[in-house]
Each structure stands twice: as structure tokens, then as C-alpha cells.
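Below is one structure, written out as C-alpha cells; comments come after it.
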Amino acid sequence: MSTRAANSVIVLDFETTGLSPNQGDRAIEIGAVKLHDGVVIDTFQELMNPGFRVSGFIEGYTGISNSMLANAASCETVMDSFADFIRDSNLVAHNASFDKRFLDAELDAISRTYDGEFACSMLIARRLYQEAPNHKLGGLVEYKQIENDGVFHRALADSEMTAKLWLTMLDDMQLAHHISLPSFKLMQDLSKTTKSQVKSFLSKT
DNA sequence: TGCCAGGCCCTCTTTAGGGCCTT
């Protein structure tokens, strides 16, 4: 039986050298916040050296330079610590399929595993906020007027904003759909519902 | 050789194509 806490979740975000670990891309930064009962109780942020120079595009996109990575610990060292951090927690990320691919690849490289499941804040937001101009993390933060410090595309900042978006979605579901406390499983199920069936899905919860 | 992400989701759909989203 898992010891996974029902009201505990870890929201994470990777900065990487590119879009696909299958094409040789590696993680260069991991940021995460641990939420318990809607409160941040722990954070994790580390740069990691991928073993090769990152492109000028990535330096500009993330603000993470090759000189910053030169003195960073290796991916293997950082991800070993991160595996200890997430343990068997359930996980949330914005466009989770992207972060899951890198988490799986980096942990596979050091023969570590994790037991939690992923929920995707982007798929859920596409269903709850169908009228939003877009469903990028920054766009949703602006649309929902979520407090932020203006830092984007850094791992801890993005994981903090994703966490605030996650809590906002939980609040909106409780207020608009009279759901007592949406469980992680309900959020996962919502992300798998067709957009046209969201209202009927929520009315049955 | 020449290509190069992958999954979701909509539509002029399902015998397909293209936009969105992540770096």
C-alpha cells in the first residue's frame, strides 16, 4: 500500500537543452514545489551540467548560460537527489508529457524510479478555461491574474506559477461546480474527459 | 538517403492535416 498522501502533490518543471531526450537533449535545471493541503511546504531547485554546451537559443530562452552550467553538478548527481525529493508523490506539470519524458529519461539513466502519477495542468486548463486566449503557462497566469514576479522560463519560477494555477483550478472547481475537495484522481480524470463533456462530468462528481 | 519530438485536439475528420504546448 502506498504511503502517498492524498492531499500532497509535487509540481515540477524542467529546463532542458531542447525538446526531446530521444534526440539527445538533457535537463539543465529542475525546479519543484511540494504542496500539502494547498500550502507550499518545500521547494527544490538545482542547475545541472548536461556535459555539453547548450545552444544560444536555450541561453536566451532560459537565461541559463553555459558559464552558469560549467560549475553545476552533473545531471546524475542532481537527479539522484531529486528522486529522493519526489519519492512516491503524485506529480503535476504544465504540458506534463514533456516533463515526464525528461524525468523518465534522466532517472532511467541512473537506474532510479518513481511511483507517483502525473497530472497535466495544461490539459485541465484547456477544459476549465475553454474561453482563455491561449493555454500557455504565462497566458493562463495573466488570464487568471495570478500573482507572479515576472520571471518566466526558469524552473522554480515556472513550477511556482504552475502550483498557483493548480490551486486556482481547484478553487474554481469548488466554487463553480460545488465540488468539496477535488482529488488528484478527479483532476486526472477531468484531463481525460472530452471538452464538450466537462460540464456533465463535473455535475456527476 | 534524408529525415529528425510527441501527444492532444479540432476539423474542411477517421483512408489526414495542422495548430497548440513544452525547451
Side-chain angles (χ1 to χ4, degrees), chain A residues 9-33 44-69 72 75 78-79 82 86 91-109 117-144 146 148 150-166 168-169 187-201:
Chain A
V9 67
I10 287 177
V11 186
L12 63 89
D13 181 71
F14 277 105
E15 304 306 316
T16 71
T17 65
L19 292 172
S20 175
N22 288 336
Q23 301 292 316
D25 289 316
R26 301 292 304 271
I28 56 173
E29 187 181 41
I30 178 67
V33 301
F44 188 104
Q45 181 183 33
E46 289 289 343
L47 290 170
M48 54 191 123
N49 190 328
F52 54 89
R53 290 182 63 82
V54 303
S55 69
F57 172 80
I58 292 299
E59 284 188 313
Y61 187 82
T62 64
I64 299 170
S65 66
N66 281 292
S67 61
M68 290 166 67
L69 295 174
C75 294
V78 172
M79 291 308 299
F82 190 63
I86 59 176
L91 306 168
V92 172
H94 201 69
N95 198 6
S97 66
F98 173 85
D99 293 278
K100 183 178 187 298
R101 279 197 296 277
F102 278 95
L103 181 65
D104 290 351
E106 294 293 351
L107 292 187
D108 188 57
E117 297 184 11
F118 267 94
C120 176
S121 57
M122 183 190 75
L123 294 181
I124 295 166
R126 279 179 175 172
R127 286 158 176 79
L128 289 182
Y129 308 133
Q130 298 185 25
E131 71 288 0
N134 63 67
H135 298 89
K136 298 175 185 178
L137 179 58
L140 289 164
V141 165
E142 181 178 5
Y143 177 71
K144 294 302 296 181
I146 292 172
N148 68 90
V151 177
F152 289 90
H153 306 308
R154 286 298 300 267
L156 182 59
D158 280 7
S159 64
E160 286 173 337
M161 280 189 286
T162 302
K164 289 180 181 176
L165 173 63
W166 176 260
T168 298
M169 293 193 294
M187 300 298 273
Q188 280 185 315
D189 289 344
L190 174 59
S191 74
K192 298 170 187 170
T193 305
T194 63
K195 290 167 75 172
S196 61
Q197 293 175 329
V198 169
K199 282 188 178 178
S200 65
F201 171 83

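Labels below follow one simple rule: chain letters A, B, ... track the order of the sequence lines, proteins then strands, and each chain is numbered from 1. Just so it is clear, the model here is predicted, and its values are computed rather than measured.
With sequence neighbours excluded, the residues forming a side chain to side chain donor-acceptor pair (under 3.5 Å) with A:K144 are A:D172, listed by chain and number. Applying the side chain to side chain donor-acceptor pair (under 3.5 Å) test to A:H135 and every residue at least two apart in sequence or in another chain returns nothing. A search for side chain to side chain donor-acceptor pair (under 3.5 Å) contacts involving A:Q130 returns nothing, not counting sequence neighbours. Annotation: side-chain contact (heavy atoms from CB on, under 4.5 Å) contacts of A:T162 (sequence neighbours excluded): A:V11, A:V92, A:H94, A:S121, A:L137.
The side-chain heavy atoms of A:L103 and A:F82, taken from C-beta on, include a pair separated by under 4.5 Å.
Sorted by residue number, the members of residues 131-141 of chain A with any non-hydrogen atom under 4.0 Å from DNA chain B read A:N134, A:H135, A:K136, A:L137.
Side chain to side chain, A:D25 and A:T17 meet the donor-acceptor criterion of an N or O pair below 3.5 Å. At a cut-off of 3.5 Å, with distance as the only test, a side-chain donor of A:E131 or A:Y143 sits close to an acceptor on the other residue. With hydrogens and angles left out, the side-chain atoms of A:S200 and A:Q197 include no donor and acceptor closer than 3.5 Å.
Take the nearest nucleotide of DNA chain B for A:S196 and for A:G18: the residue whose nucleotide is more 5' is A:S196. Ranked by how close their nearest DNA chain B nucleotide is to the 5' end, A:I58 and A:T194 are led by A:T194.
Heavy atoms of A:F57 sit under 4.0 angstrom from at least one base atom. In this structure, A:T62 reaches the sugar-phosphate backbone alone: every heavy-atom distance under 4.0 Å involves primed, P, OP1 or OP2 atoms, never a base. Across all strands, A:I28 comes closer than 4.0 Å to no nucleic acid atom at all (heavy-atom distances). Within the nucleic acid shown, A:D13 comes within 4.0 Å of sugar-phosphate atoms alone, with no base atom in reach, counting heavy atoms only.
Between B:dC21 and A:H94, no contact under 4.0 Å exists linking OP1 or OP2 to a side-chain N or O.
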Table of protein N/O atoms under 3.5 Å from nucleotides 1-6 of chain B N/O atoms:
from: B:dG6; atom 1: OP1; to: A:N22; atom 2: ND2; distance (Å): 2.8

